[in-house]
Amino acid sequence: MSATDTRPLLSVRDLKKHFPIKGGILGRTQAMVQAVDGVSFDVRAGETLGIVGESGCGKSTTAKLLIGLVDRDEGDIELGGKTLGRDISLRALRRDIQMVFQDSYASLNPRMTILDSIAFGARVQGLDDPVGRARRLLGRVGLNPERFAGRYPHELSGGQRQRINIARALVMSPKVVVLDEAVSALDKSVEAQVLNLLSDLRAEFGLTYIFISHDLNVVRYISDRILVMYLGEVVELAPVDSIWAEQAHPYTRSLFSAMPSMDPDNRTEKPPLTGDPPNPINPPPGCRFHTRCALAADVCKARHPVLAPMAQGSAHWVACHLHDAASGHPRAGQGMPA
Amino acid sequence: MTPLLQIDGLNVRFKGARNVHAINDLSLTLMPGETLALLGESGSGKSVTLKTLLRLLPEKRTDLSGRVTFDGTDIMTLSGRALRSYRGGDVSMVFQDPGLALDPVYTVGQQIAETVMRHKGISRADAMEVALDMLHRVRIPSAERRLKNYPHELSGGMRQRVMIALALACRPRLLLADEPTTALDATVQIQILLLMRELQREFGMGVIFVTHDIGVAVEISERIAVMYAGQIVEEGSTRDIIRDPRHPYTRGLLAANLHEVARGARLDAIPGAPPSLEERPDSCPFAPRCAFALPACRAALPPVVTPGPRRRVACLRADETLEIAHA
Amino acid sequence: MVQVTTDIPVVPPAQRGYWSGVLSRLRRDPVAMICALVLAALILSAVFAPWLGLADPYQGSMIARLAAPGTPGHLLGTDEQGRDMLARLIYGGRLTLFIGLVPVVLAFFIGGTLGIVAGYVGGITNTIIMRVVDVFFAFPSVLLAIAISGALGAGVLNSLVSLTIVFIPPVTRVAEAVTSGVRSLDYIDAARASGANALTVIRVHVIGNVASPIFVYATSLTSVCMILAAGLSFLGIGVRPPEPEWGLMLNTLRSAIYVNPWLAALPGVMIFATSLCLNLLSDGLRSAMNVRD
Amino acid sequence: MLSYFLRRLILVLPVAFGVSIVCFALVQIAPGDPLTAIMPVDATAEQQAAMRAAYGLDKPVPVQYLIWIGNLLQGEMGRSIASGRPVADEVFGAVGNSLLLAAGAAVIAFPIGTFLGFLAGYYRDTILDRAVTALSITGVSVPNYWLGIVLVIIFSVNLGWLPSMGAGPGGSQDWHWDWAHLRHLVLPAVTLAVVPIGIVARTVRALAGDILSMDFVTALYAKGLSRGDVLRHVARNAAATALSVMGLQLGYLLGGSILIETVFNWPGSGFLLSNAIFQRDLPLLQGTILVLAMFFVGMNLIVDVAQAAIDPRIKRS
Amino acid sequence: QGTLRIGMTAADIPLTTGQPDQGGEGLRFIGYTVYDALINWDLTQGDGPSGLVPGLATAWEADEADRTRWTFTLREGVTFHDGSPFNAANVVWNLDKLLDEGAEQYDPRQSAQGKSRVPAIASYRAIDDLTLEIVTHEPDATLPYQLAWVMMSSQANWEALGKDWEQVAAKPSGTGPWMMTSFVPRERAELVPFADYWDETRIPKLDRLVLIPLPESNARSAALMSGQVDWIEAPAPDTIPAMEGNGFAITSNALPHNWTWHLSRTEGSPWNDIRVRKAANLAIDRESMGALLGGLMIPAKGFMPPESQWFGEPTFDVTYDLEAAQALMTEAGFGPENRLSVKALISPSGSGQMLPLPMNEYIQQSLAQAWIDVEFMVVEWNQMINLWRAGAADPSVEGSQSINFTYFIQDPFTGFIRHLDCDLIAPNGTNWGHYCDEDMQALFEEIKTTFDADAQDEVMRRTHEKFVDDALFLMVTHDVAPRAMSPKVQGFVQPQNWYLNFSSITMAE
Ligand SMILES: Nc1ncnc2c1ncn2[C@@H]1O[C@H](COP(=O)(O)OP(=O)(O)OP(=O)(O)O)[C@@H](O)[C@H]1O
Ligand SMILES: Nc1ncnc2c1ncn2[C@@H]1O[C@H](COP(=O)(O)OP(=O)(O)OP(=O)(O)O)[C@@H](O)[C@H]1O
Ligand SMILES: [Mg+2]
Ligand SMILES: [Mg+2]
């Protein structure tokens with residue numbers, strides 16, 4: 001599973017998307033939602049990158065940017081060394097990157113049999129025998145093609161529909177699959193079934209996943225590395241064990257502390273974070289987290305921290321003045337208090 | 001001590017194009033001041049149980065049987081004024097999606113005050129004072145201003161706080177909470193859970209908290225009842241359920257939580273899907289999905305085993321130590 | 001009188017063999033079935049009128065004019081020129097239903113296309129189409145129909161033109177709303193993510209899902225259209241005599257109301273019954289398609 | 001609120017401009033010569049030419065439009081070709097009468113429609129609901145001009161209870177709020193009310209039904225509120241939409257009363273319009289359509305703003 | 001005593017300033033009531049055709065030597081409703097109002113109505129207070145008929161109202177037996193008697209006359225039957241039995257009014273063949289058609305109504321004789337296998353058109369039996385007027401070979417000359433069919449130059465005989481101007497004229 005190839009399969013640089021907010025008497029653009037603001041990361045072949053963050057932090061927008069469902073304002077996307085728009089067309093890119101959405105029902109055309117839904121992509125991309133592919137995949141995701149091929153989405157349970165969506169994403173044999181909260185709407189027991197399926201498929205087809213979720217347990221289970229987003233930015237990016245051992249960014253730490261405890265004798269006593277996630281319309285200057293951060297200092301309001309390795313050559317990256325010895329933060333270089 | 005709430009042999013059946021046996025022979029006891037988490041998959045009948053307690057089910061389309069007493073009074077016989085003062089006065093409810101459960105065209109202040117006026121018979125101005133006080137108690141910043149806000153002007157977390165303030169405004173003795181944190185972000189969820197815990201202590205009321213997230217149940221409850229197919233399959237103190245789950249379904253749920261699972265390891269997923277409940281179950285409803293099912297499980301309803309005080313498990317093999325064989 | 005409002009139908013969830021599902025549910029609705037039968041009878045008799053052995057609807061006898069319904073040889077009596085009422089009512093159904101249905105059909109296609117394009121493409125295209133639609137929406141429908149017909153003058157073709165113009169804007173609006181609703185659904189995104197171009201997505205995924213709500217809406221317009229068309233003829237700016245058309249017959253028979261009220265009421269009854277059936281059928285269709293409640 | 005109002009107002013301007021173009025164009029596509037109506041049938045060619053020049057009809061169409069719109073902006077709508085009177089006087093007088101009629105119909109239709117709709121919505125899927133639905137479908141299916149004729153025969157001609165035509169015993173100019181005048185309003189207003197009763201009843205039924213099935217209604221009962229309290233909440237929730245439907249209905253009543261006004265010889269805008277059509281009285285036709293359409297546009301604006309004022313959810317978006 | 005309320009067919013109150021619009025109805029209700037002409041029509045008897053009688057002029061005469069020079073002696077002591085006296089200067093002022101575009105009082109609206117009615121007038125002047133001279137372009141004996149069109153309004157009133165005709169419209173002043181007291185456009189006008197009217201026999205007996213426009217015929221009937229009006233014009237024929245059954249009176253009388261198909265005589269028109277024209281005239285069963293009109297029509301025997309003083313003794317008997325018609329058609333080369341197709345212009349409505357659609361459909365059915373297939377071109381009434389002015393040769397008529405029109409035929413010009421004069425071929429005039437015939441032209445000339453009234457009538461009879469014998473029109477019916485009224489209306493005499501005398505009427509309690 002670990003990548004031997006050092007070159008990343010997918011490389012994202014400085015991705016930006018600002019949505020205009022229209023309003024006022026003349027309906028002019030009043031403000032911009034900085035949904036994604038300078039996101040960069042690499043994903044190696046066969047790796048699974050987990051993305052976590054609060055609601056509205058730009059996870060889905062990032063995912064949609066990756067397959068061009070939302071147009072980039074800025075930034076580059078490179079797949080297998082080819083840059084989107086320069087070396088490779090969007091259409092071609094979409095053969096290699098596919099996506100599974102959260103709402104299993106809304107992501108299937110209610111007027112199409114599930115077989116047609118799965119085969120559609122293959123047909124569009126001109127692959128041979130789209131129906132045969134679809135039937136095989138249907139079997140592969142655990143649904144008997146004989147019984148299910150002709151059914152309509154509303155005749156399936158949530159878990160079954162999500163399997164269809166996975167099959168649909170796989171029909172073009174993509175290299176990368178983006179899963180945007182693909183299991184969040186499922187019941188716990190069904191979620192486990194689907195996670196098992198995802199693991200199997202990854203192994204069988206050598207897939208690379210970008211797995212978006214707000215459930216840290218799930219992300220930990222499936223991912224190799226975790227990317228933490230806050231207000232459209234990456235605040236921490238690290239291998240899963242490393243981040244589980246030490247959350248370098250105060251926000252990551254709060255996020256982890258917000259997980260309900262599983263120990264009846266050791267329940268959470270103090271909320272790790274107060275208030276709601278702030279508004280991406282007018283993000284605070286400097287470090288975007290400083291308004292909710294217990295360790296914020298003046299420098300956090302003034303200067304924007306950059307994402308950098310914790311130590312030379314470390315795979316654990318963080319964007320926080322605490323970890324930058326030269327930042328001028330009172331606790332700079334000391335890391336987080338225990 | 002008399003129980004605050006006692007449910008005996010409750011059955012709920014929905015009639016219509018399709019019959020649904022939503023609740024089947026459910027019994028439950030809640031002592032005053034106790035916090036019980038009702039845990040179960042979607043469709044297991046958690047919400048229906050709560051609605052039955054408030055008599056909120058559509059009367060024409062439901063068959064109800066069984067006995068429900070609240071503090072000694074049979075609530076199935078309540079009607080008119082008595083029913084109204086029971087609802088919202090003695091027992092109140094917090095809903096899953098506060099965005100849908102609040103009237104969109106009244107300010108939150110008006111909505112809280114209205115309840116208080118109806119139950120306490122006080123003036124509007126006084127009721128507004130109570131409302132303001134409640135908003136302070138649920139830690140809503142700048143409560144005076146929020147009082148005049150409409151629900152859509154508040155964030156999800158805020159709205160759920162308002163919902164809680166509304167539910168507690170008349171100092172009920174029992175609070176029913178139907179997945180109040182499911183729609184919220186993890187960071188907000190924990191805030192709400194802690195708030196509820198604190199208010200429960202302060203008001204001393206009993207709480208039934210519906211959730212499908214074991215972690216949430218652990219955070220909030222003293223006791224847990226696990227529901228499956230309209231029945232309680234296991235009940236006990238939170239500690240016992242977490243440390244020593246006896247019912248295979250409870251174990252499956254715990255495993256699915258992924259808390260302690262090794263990365264990349266195969267998950268002990270419960271296979272299959274819950275029954276449709278079009279027929280009343282006459283054998284263990286979990287048997288078709290159960291790795292340990294015996295022929296006897298498919299033949300008749302399982303016996304209720306009571307391994308300890310106030311602990312029960314509806315499983316033939318509750319006393320065995322079972323190990324799931326990995327596939 | 002009649003008017004066009006756009007209440008936007010909710011996108012109905014599809015069923016196995018969608019239309020057959022709709023039909024089977026419709027078949028279980030007795031009111032809708034009766035209406036469908038009545039309408040079918042009307043349409044069939046209108047279509048096959050020449051083969052029904054009816055009297056000549058254009059040729060009458062002055063001596064036998066204004067005979068009461070039930071007169072031997074004239075089951076429903078005769079009109080002010082002694083022409084057989086039964087024949088005229090049945091032949092009248094041809095024209096009445098024709099100008100009641102054709103504008104809606106045209107509006108369904110034209111408005112539907114405009115609305116789907118506006119809703120799917122969005123942006124400036126949407127703005128241009130929808131602003132023009134807004135302008136036509138600024139006219140109450142009856143006023144617009146009368147104004148256009150009044151300007152163009154009487155005649156079947158002119159009536160068709162004016163009624164089509166009246167019904168395009170509301171259909172466009174509904175189509176646009178439904179399409180932009182559908183467009184924001186994930187399955188459209190999923191289809192786009194497959195690399196399909198806009199035309200394919202519209203053809204495969206959009207039309208199938210917006211056509212039925214637009215269709216339901218359009219069926220609810222047919223009765224409006226029919227009453228309106230008859231109203232134009234009644235005013236003298238619709239169909240021209242001697243063509244049998246119910247609105248026109250109502251107009252010309254008006255003065256006979258004192259001589260033979262039942263006779264004079266017949267065209268009105270036909271309009272009413274047809275429009276009632278259309279309304280009830282469209283209601284039935286709406287619930288069979290599970291649109292709203 | 002004010003900014004919402006202003007925003008809506010600014011959106012109205014292009015529509016108003018479009019409306020003026022449509023009104024003007026409408027009349028241009030009309031075949032026939034407007035001047036025939038006012039000249040003796042055997043007027044000579046040069047008399048006609050002189051007339052045409054006098055009315056500015058000899059100029060190119062765009063110039064005519066510019067002149068027309070320029071005059072409009074100065075509140076000058078020209079003169080009726082047929083009567084020679086200022087169009088503004090003719091139209092506003094007639095629209096006033098139509099408004100009276102529309103208001104009469106609204107006074108009948110809105111309360112009845114609302115009541116029936118609420119009843120049906122509350123007792124959904126009962127006999128009562130079916131009855132109301134049947135009634136409202138009947139209301140929208142009946143050609144009301146025909147109904148008007150029937151009512152006249154019954155109540156004026158046969159029973160002699162109510163007058164069959166006109167806006168009062170002495171014409172619309174000496175309108176008084178007494179029975180002698182109001183009885184003239186009864187038949188046309190009732191006839192005109194039939195359609196909006198149906199539409200309002202259907203709308204309110206759907207609204208009440210939808211609202212009653214919403215989660216917050218369950219929550220209201222859970223709070224211990226009585227049925228009356230809950231209905232108050234439902235009414236308040238339905239108010240904005242119901243009022244907007246009614247507002248639009250008023251617009252439709254005004255613009256759609258032409259057939260009824262013809263049947264009842266009611267001196268309103270529809271009556272004026274039908275005369276203008278048959279006489280090819282271009283300035284009057286344009287003026288009447290324009291004023292009615294503008295009234296409708298204004299009505300839409302008022303309805304939108306009122307809806308925003310009533311419904312707290314709208315303003316902010 | 002009493003108030004008489006009349007439901008008119010007009011959609012608006014006719015122009016009140018003097019020269020009314022709305023055709024015959026305008027002159028009937030607002031013209032000959034509020035105003036007088038120099039020469040009036042005799043409206044007091046209904047037994048015979050009505051003729052001209054002195055109005056504001058007591059005598060008139062064309063100069064023996066110079067037939068273009070007419071002298072009018074005006075009535076003494078006549079005053080307008082505003083009290084100002086009537087005199088010759090006033091007549092000049094009124095003629096300028098219509099004819100002199102430079103005059104201050106020139107009113108395009110009135111001029112549009114009146115100017116074409118007096119084509120003969122070249123100049124005019126007041127000789128003294130009560131003597132007026134009018135000079136015509138050429139000798140024209142029809143001048144008195146022309147002057148019967150011109151209404152005299154008050155100069156003093158106009159001046160008092162700021163020389164503004166619009167003001168005058170609301171407060172008109174004439175010399176007629178009725179004064180208008182109130183006026184609501186499109187709704188009603190109220191007239192009261194003018195106590196100082198010069199003809200004491202015509203001082204109205206009623207207290208008040210109310211005119212209400214009720215263009216929709218059913219609304220008119222309903223208004224009468226529900227008691228909202230006492231009198232309606234042109235009741236729908238089918239409502240007449242019901243009205244009579246309820247005690248309402250129906251009055252009617254012959255009217256110089258002709259419902260006809262004006263035939264095209266352009267090159268290639270089938271109507272150029274007299275056999276076809278005669279056949280068509282013989283193919284129509286006019287008596288049966290009467291059923292359609294509730295009997296309220298006079299089957300045409302010629303162009304003029306049979307009682308007309310100008311009917312004469314034509315030899316061609318206009319009657320129903322299908323055999324004769326078919327014989328004529330055979331002679332002309334047509335037959336059942338070889339049918340003649342013609343195209344006819346008709347209009348679905350129009351002032352005075354009776355019931356154009358059913359009547360035309362009836363004719364269509366009738367002609368079909370004589371192997372003439374009629375295809376209709378149906379156009380709006382206003383469009384029809386345009387096509388009528390354009391003439392049969394104009395492309396806009398799309399080859400139609402006839403036009404269905406109703407003609408006011410009350411005087412020599414409107415009755416005869418305007419339809420067939422070679423100088424009036426459309427679009428220069430109203431000779432729609434482009435007919436031009438030397439003999440006919442000579443007859444017209446003779447009418448204009450015969451100054452003795454009886455002799456002139458004689459010429460007109462000969463003219464009419466030629467109209468009929470040559471079957472120049474498809475002669476169908478004459479209107480009888482039916483009106484329905486409440487039994488309370490008493491003392492009304494319906495003359496054989498477009499205009500009426502309301503002075504004799506009283507209302508019973
Ligand atoms: N089409 C759009 N127009 C305007 N704003 C948008 C649009 N799409 C997303 N946004 C805004 O961008 C921000 C990021 O949205 P995004 O959906 O990426 O968040 P997310 O992290 O996926 O949240 P969630 O966990 O709720 O799905 C949000 O504030 C959202 O409101
Ligand atoms: N009003 C109703 N009419 C018919 N069936 C109903 C009704 N309400 C609930 N049910 C059915 O009763 C069963 C139990 O539903 P309930 O809402 O209690 O589930 P739940 O445990 O609350 O699930 P969730 O976690 O999805 O909220 C389901 O099968 C549901 O379909
Ligand atoms: Mg998202
Ligand atoms: Mg639930």
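Values below: every heavy atom of this structure, side chains too, minus hydrogens, waters and symmetry copies. So you know, we letter chains A, B, ... as the sequences are listed, proteins then strands, and number each from 1.
Counted within 6.0 Å of CD on B/E59, heavy atoms from surrounding residues, nucleotides or ligands total 12 or fewer; the atom is thus considered open. Within 6.0 Å of the OH atom in D/Y122, the count of heavy atoms belonging to other residues, nucleotides or ligands exceeds 12. Within a 6.0 Å radius of CZ in B/F203, other residues, nucleotides and ligands contribute more than 12 heavy atoms. Summarising the local packing, CD1 of D/I127 is surrounded by 12 or fewer heavy atoms from other residues, nucleotides or ligands at distances under 6.0 Å.
Looking only at distances, a side-chain donor or acceptor of D/K223 sits under 3.5 Å from a matching main-chain atom of B/Q111.
If you take NZ on B/K60 and OG1 on D/T126, they are separated by 7.5 Å, rounding to the nearest 0.5 Å. D/N237 CG to B/D103 CG: the interatomic distance, rounded to the nearest 0.5 Å, is 4.0 Å. Distance check, rounded to the nearest 0.5 Å: CD of B/E114 to CG of D/L225 gives 4.5 Å.
With a 4.5 Å cut-off on non-hydrogen atoms, B/L102 touches chain D through its backbone but not through its side chain.
Counting heavy-atom pairs under 4.5 Å between each of B/A169, B/P104, B/G89, B/S92 and chain D puts B/P104 at the top. Most heavy-atom pairs under 4.5 Å with chain D, from the set B/R55, B/M93, B/H119: that is B/H119.
Among all heavy-atom pairs drawn from D/A219 and B/A101, the shortest one is CB-O, 3.3 Å.
Heavy-atom proximity under 4.5 angstrom to chain D picks out B/R84, B/R87, B/G88 from residues 77-88 of chain B.
For the pairing with D/T218, the side-chain contact (heavy atoms from CB on, under 4.5 Å) check across B/L56, B/L57, B/L100, B/L54 returns one residue only, B/L56.
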